[in-house]
Amino acid sequence: MVTALIGGVAVAAAAYAGRYGIQAWQAFKARPPTARLRKFYEGGFQSTMTKREAALILGVRETTPTDKIREAHRRVMVANHPDAGGSHYLASKINEAKEMMLGRTKGNGSAF
């Protein structure tokens, strides 16, 4: 008699656990999508480069000193140089970003 009682309690506990698991899974699937944090800028290029976009390309802040801008330009350019398999378009945008951040740009300086 005691064995049947323990067996019944175990079956009931398993049923309640399964029910709770199914409800939790359905609530998890129905939750609204959350914004995911991205490490890199995901957008395309604007028609005319702004200082904000230039800072995003180089990975610096808009108020970064000149020497740090040059270091950032070198670091990004080494990774994207056309001679090392990078894109000519990206290299021109990186150079344009450096010129914008250093204040030496005149309009749309991109070759593309």
Side-chain angles (χ1 to χ4, degrees):
M1 175 88 174
V2 174
T3 308
L5 182 64
I6 292 174
V9 169
V11 169
Y16 279 118
R19 181 177 176 210
Y20 175 75
I22 290 171
Q23 288 175 347
W25 176 251
Q26 288 174 345
F28 177 76
K29 287 192 325 184
R31 77 187 193 293
T34 58
R36 295 181 182 171
L37 297 177
R38 305 258 183 211
K39 184 175 179 184
F40 299 106
Y41 177 62
E42 213 175 77
F45 296 113
Q46 299 173 2
S47 58
T48 55
M49 187 170 294
T50 63
K51 194 158 182 135
R52 179 181 179 276
E53 183 182 22
L56 285 170
I57 290 170
L58 294 177
V60 297
R61 295 182 183 209
E62 293 181 37
T63 58
T64 304
T66 304
D67 58 328
K68 297 291 183 183
I69 292 171
R70 287 195 175 104
E71 287 175 21
H73 173 262
R74 180 175 303 249
R75 180 176 26 85
V76 175
M77 203 56 185
V78 164
N80 295 291
H81 199 276
D83 292 344
S87 165
H88 290 282
Y89 179 71
L90 288 179
S92 71
K93 285 297 191 179
I94 294 166
N95 287 330
E96 184 181 356
K98 180 186 89 167
E99 297 299 320
M100 171 64 76
M101 291 297 290
L102 295 177
R104 291 187 271 171
T105 187
K106 295 177 185 136
N108 188 4
S110 178
F112 295 95

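We're numbering straight along the sequence, starting at 1.
Looking only at side-chain heavy atoms (C-beta outward), I94 and H73 come within less than 4.5 Å of each other. No side-chain heavy atom of L58 sits less than 4.5 Å from a side-chain heavy atom of R75. M100 places none of its side-chain heavy atoms less than 4.5 Å from the side chain of T50.
Nearest heavy-atom pair across A72 and V60 is CB-CG1, 3.5 Å. What you find for A97 and M49 is that their closest heavy atoms are CA-SD, 3.4 Å. Of all non-hydrogen atoms in A54 and M101, the two that sit nearest each other are CB-CG, 3.8 Å.
Distance CZ/R61 to NZ/K68: 13.0 Å, rounded to 0.5 Å. If you take OG1 on T64 and CZ on R70, they are separated by 13.0 Å, rounding to the nearest 0.5 Å.
Look at K93 and E96 and you find a salt bridge, because one of the NZ, NE, NH1 or NH2 atoms lies within 4.0 Å of a carboxylate O, short of that distance.
Side chain of R31 to backbone of F28: a donor-acceptor contact under 3.5 angstrom is found.
The environment of NZ in K51 is crowded: more than 12 heavy-atom neighbours from other residues, nucleotides or ligands sit within 6.0 Å.
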Could you tabulate the donor-acceptor pairs under 3.5 Å formed by side-chain atoms of residues 4-22, not counting sequence neighbours?
none

